[in-house]
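These notes are about the structure you will find just below.
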Amino acid sequence: ACFAAMRELTWTVVGDAPRASTAGPRLGVLSVPGGVDGRDEPVRIATPACLTYTRRGEPAHLTPDVLATLPPEARAFQVCLTHFMDHLPPTHVSNCPGGGRAYFGSAPTFALATARDAITFDQHAKPSNDASATYVGTPVGAKKVSVEEYMRWVFATRPHAFVQLADEQHSVEGVNAKKTRAAVERTANWLDACAAMNETDEKNAGTPGTPPVAMFASVQGGCDVEARRLSAKAAASRCLGFDASRNALGEPPASNETNAKKKTSRRDSVFGFSIGGLGTGEAPGAARAKLVAACVAELPREKPVHVAGVGAPLDLIAMIENGVDLMDNAFAHVMTLAGRALRFPVDAKDVEEKGEDAKTRTGASKKRRRDAADDDESLFSGSDAFSLNLWSLKYRTDTRPLLENCACHTCAHHTRAYVHHLLQCREMTASVLLDAHNQFHFLRFFAAAREAIANDAFAAFAAFHRNRAKEETEAGESDER
């Protein structure tokens, strides 16, 4: 019993009870215990946090030595289990020397497994899901996956936590309401099935006394707000000690505020919640935020909330405003695939450190536009408010780093011209250098968001980013006219 307790994953809300127990930006700490994975000391991951996007359990372009140049939180991974579902069985992973997580060469300090690929929405790959299984996209095409097979992959990879298998639907208008409700019901039933299989036993866990894997319950419902509420209530009802009345109005009663500092542990079959089906066709902005708010209002606030597939900076700010704790950095990886380097200031202080303030930002934007106008049209950069397009010939002789004053390995040792050259030569090193920079910058963005929450200044942080994006967009539209 002591050994099991020592290996217990926990998440704790940081801060005062009112902030922690109501929807809104909040701080937390995900504690990954020591004594496992060759680590003696526990790892603490501050939330809100972004999880590193992976392919088959590894960062797509980052080898362990490059990963080591990034902040430690870069080793918190989001692992898509469908990437493993090719021609090899789960034993291909579980029989690896050391078993389970030892298969991952980058040695993640935290791994959250899910059936959802944050970039390519491959679930519901065929319209014929049934009560026992769902279709997912795999490296060898669409595959029908049951709860039993999915859990075999969970037990094989032994992540620190996993999201239950869900009937995840696209969040687009016009989907038949009956079909959406059926998906919600299936997801609730599969939660019970996953929980039952996740109990500690020698057959499933592989070692007597091994604690079950921490499980995130999935919340579905497409773009139907009421279906979202029903799904969230169903997931919350599986929590130990859940009071169905506490979220009936979207707010917990005062008597439950002390629960906000309670640690979430694996003694409860539901460790946290994952809001699914986002980034699959729903309108961004207010429409998406409404769906998230409907889910969060029904969930116990002492447990972490995860969202996959929503990654642009302004979208992530909206997620944090609605109380989401764990997201992914798939957006940074998408920028890498497009040959783009993130360049946006992470906060207002970042602008000031670069010698710009609110008054000079507009002037600097005008100067950039004049410089672009002086270039031949074929050299137009194609950059935007958030990134530089390093494919552009404009950067072929640019000896500046990707981003001035950036402390990442790429900016410390290489130039825009060099990365541009690598891209033009189709050299894979370009993706390595871009991914190292983009992930470093994204982690800085999340660190700035946490600092803003700690200083009770997140509203100003969000306003800064939205105003800046609006200014840049309007400036671009003015140039086109």
Open item on the list: Please determine whether side chain to side chain donor-acceptor pair (under 3.5 Å) holds for the pair S171 and R228, giving the CA-CA distance in whole Å, both sets of side-chain angles, and the decisive distance to 0.1 Å.
Closed with: CA-CA 11 Å; S171 296; R228 288 273 176 185; 3.2 Å; yes
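- Rounding to the nearest 0.5 Å places CG of L30 at 5.0 Å from CG of L9.
- Residues M151 and C194 are in side-chain contact: their nearest non-hydrogen atoms beyond the backbone lie under 4.5 Å apart.
- Contact check for L51 versus M327: no side-chain heavy atoms found under the 4.5 Å cut-off.
- In this structure, the side chains of N198 and F155 come closer than 4.5 Å at one or more pairs of heavy atoms.
- The ring of F458 has its center closer than 6.0 angstrom to the ring center of F461.
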Task: Check against side-chain contact (heavy atoms from CB on, under 4.5 Å), E226 and R181 - done: CA-CA 10 Å; E226 185 56 33; R181 299 301 172 93; 3.9 Å; yes
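- Looking at heavy atoms from C-beta onward, F273 lies out of side-chain contact with S231 at the 4.5 angstrom threshold.
- In this structure N189 satisfies the side-chain hydrogen bond (donor to acceptor under 3.5 Å, both in side chains) test with no other residue, sequence neighbours excluded.
- Scanning both residues, V213 and P159, for their nearest heavy atoms gives CG1-O, 3.2 Å.
- When all heavy atoms of G221 and T180 are compared, the closest pair comes out as O-CG2, 3.3 Å.
- Distance check, rounded to the nearest 0.5 Å: CG of L326 to CH2 of W11 gives 8.5 Å.
- One distance of note links CD of E404 with SG of C411; it measures 8.5 Å at 0.5 Å rounding.
- Atoms NE2 and CD1, on H160 and I45 in that order, are 8.0 Å from each other to the nearest 0.5 Å.
- Residue-environment remark: CD (E321) exceeds the threshold of 12 foreign heavy atoms within 6.0 Å.
- Summarising the geometry, atom OG1 belonging to T52 is positioned 6.5 Å from atom CG belonging to L67; distances are rounded to the nearest 0.5 Å.
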Donor-acceptor pairs under 3.5 Å, side chain of residues 283-297 to any protein atom, not counting sequence neighbours: which ones?
from, atom 1, to, atom 2, distance (Å)
R288, NE, E282, OE2, 2.7
R288, NH1, D315, OD1, 3.3
R288, NH1, D315, OD2, 3.3
R288, NH2, E282, OE2, 3.2

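- Taking the side chain as every heavy atom from C-beta outward, Q439 and L62 approach each other to under 4.5 Å.
- In plain terms, the two heavy atoms of A118 and D328 that are nearest each other are CB-OD2, 3.4 Å.
- Side-chain contact between T54 and F77 is present, with heavy atoms from C-beta onward closer than 4.5 Å.
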- [ ] Could you give me the CA-CA distance, side-chain angles and deciding distance for F271 and K303, then say whether side-chain contact (heavy atoms from CB on, under 4.5 Å) is met?
- [x] CA-CA 7 Å; F271 180 84; K303 293 178 180 289; 6.0 Å; no
Open item on the list: Before you tell me yes or no, could you show the steps for T47 and D325 under side chain to side chain donor-acceptor pair (under 3.5 Å), namely the whole-Å CA-CA distance, both residues' side-chain angles and the distance that decides it to 0.1 Å?
Closed with: CA-CA 6 Å; T47 63; D325 306 292; 4.5 Å; no
Open item on the list: The test is side-chain contact (heavy atoms from CB on, under 4.5 Å); show your working for F162 and F216 and say whether it passes.
Closed with: CA-CA 6 Å; F162 74 99; F216 282 68; over 6 Å; no
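- In this structure the side chain of F331 reaches within 4.5 angstrom of the side chain of F442, judged on heavy atoms.
- Annotation for A111 and P108: closest pair CB-CG, 4.3 Å, computed over non-hydrogen atoms.
- Here the CZ atom belonging to F440 is positioned 10.0 Å from the CG atom belonging to L403, to the nearest 0.5 angstrom.
- Every residue two or more places apart in sequence or in another chain that forms a ring-ring contact (aromatic ring centres under 6.0 Å, His included) with F344 is listed here: F386, H441, F445.
- When every heavy atom of R116 is checked against every heavy atom of L278, the shortest pair comes out as NH2-O, 2.8 Å.
- Between D350 and R444 the shortest side-chain heavy-atom distance falls below 4.5 Å.
- In this structure, E173 places its CD atom where only 12 or fewer heavy-atom neighbours from other residues, nucleotides or ligands lie under 6.0 Å away.
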- [ ] Given side-chain contact (heavy atoms from CB on, under 4.5 Å), test V270 with Q164 step by step and report yes or no.
- [x] CA-CA 10 Å; V270 175; Q164 66 150 122; over 6 Å; no
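- Aromatic rings of H333 and H61 (six-membered ring for Trp) have centroids within the 6.0 Å cut-off, being under it.
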Task: Check against side chain to side chain donor-acceptor pair (under 3.5 Å), H409 and T69 - done: CA-CA 7 Å; H409 175 83; T69 68; 5.3 Å; no
